[in-house]
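Okay, so here's the structure we're looking at.
Below, each value reflects all heavy atoms present in this structure, side chains not excepted, and no hydrogens, waters or symmetry copies. All residue numbers in this chain count up from 1 along the given sequence.
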Amino acid sequence: MHLFPLAATAYLACAAAALAADKTVHDKTVHDKEHGFSLTYPEEWASETAFDNTIRLKIKSGEKGLTCRVSQNAYDPTAPDNPPDVRAFMEKDWQISNWQTTVGVAYRSASFSQDRLAHFPDGYPVRIADMDFHYADENVSFYGHSRIALTLRSSHYGFIDCGVTGDSADEAARTWAPLADQADKIVNSFVLDAD
């Protein structure tokens with residue numbers, strides 16, 4: 001019986017675990033008071049803020065990693081086709097087809113799955129779903145998969161899209177699989193400030 005190789009293997013496994021523990025990922029929480037939202041993500045991620053009139057924050061984990069975008073803007077419940085009671089709409093009247101009209105219209109094609117109701121810490125409703133999409137215009141074409149969250153307050157709306165892209169739907173799915181838990185953690189950290 002040779003015990004040394006087993007002991008050496010156990011030692012190497014412990015040493016690797018100790019080294020991994022030294023590389024603890026630290027999270028950064030941002031609270032954008034001007035645009036009224038909070039988000040937590042790994043502090044080493046690259047970020048850009050307020051680079052257009054809707055997207056307020058873009059964070060990226062690196063090449064072939066996750067890219068997350070937070071959008072926020074004013075919401076007018078008195079405008080035609082906008083639900084006046086946004087809480088009831090999010091909690092009771094929401095249908096999966098609403099994802100297509102609110103988000104999917106920006107893509108050549110988009111399909112939504114795993115639609116579910118969640119709540120912010122103050123109990124306010126938010127919808128979360130997964131989206132498979134194809135984007136194409138005269139310059140680019142790509143496929144992707146993302147986890148998204150959308151909420152409406154009476155005066156503003158908020159949206160986060162955290163996903164990956166690829167040259168094909170299969171490539172996007174393969175890239176997504178090992179990153180799904182991290183995307184879920186970031187999406188679930190998103191909070192839109194109360195009115």
Does the side chain of Val164 come within less than 4.5 Å of Leu66's, by heavy atoms?
yes
Go through Met131 and Asp161 one step at a time and tell me if the side-chain contact (heavy atoms from CB on, under 4.5 Å) criterion holds.
CA-CA 9 Å; Met131 175 176 68; Asp161 174 341; 3.9 Å; yes
Any side-chain heavy-atom pair from Trp94 and Asp115 closer than 4.5 angstrom?
yes
Residue list, salt bridge (Lys or Arg N to Asp or Glu O under 4.0 Å) with Asp193, at least two apart or on another chain:
none
Side-chain contact, heavy-atom cut-off 4.5 Å: Asp132 with Tyr107?
no
Between Asn73, Thr151, Asp195, which is the residue that forms a side-chain contact (heavy atoms from CB on, under 4.5 Å) with His156?
Asp195
Could you give me the CA-CA distance, side-chain angles and deciding distance for Leu150 and Trp99, then say whether side-chain contact (heavy atoms from CB on, under 4.5 Å) is met?
CA-CA 9 Å; Leu150 169 71; Trp99 283 115; 3.9 Å; yes
Hey, are the side chains of Ile148 and Phe112 touching, using non-hydrogen atoms and a 4.5 Å cut-off?
yes
Under 3.5 Å, sequence neighbours excluded: what are the donor-acceptor pairs made by side chains of residues 79-86?
| from | atom 1 | to | atom 2 | distance (Å) |
| --- | --- | --- | --- | --- |
| Asn82 | ND2 | Asp76 | O | 2.9 |
| Asp85 | OD1 | Arg87 | N | 3.4 |
| Asp85 | OD1 | Ala88 | N | 3.1 |

In the structure I gave you, are the side-chain heavy atoms of Asp32 and Thr49 within less than 4.5 Å of one another anywhere?
no
Look at the aromatic rings of Tyr41 and Trp45 and report parallel, tilted or perpendicular, splitting at 30° and 60°.
tilted
Rounded to the nearest 0.5 Å, how far does CD of Gln72 lie from CZ of Arg153?
11.5 Å
Heavy-atom neighbours of Asp167 CG exceed 12 at 6.0 Å:
no
Under 4.5 Å between any side-chain heavy atoms of Asn98 and Asp93, yes or no?
no
Over 12 foreign heavy atoms within 6.0 Å of CG, Asp181
no
Residues in salt bridge (Lys or Arg N to Asp or Glu O under 4.0 Å) with Asp184, at least two apart?
Arg116, Arg147
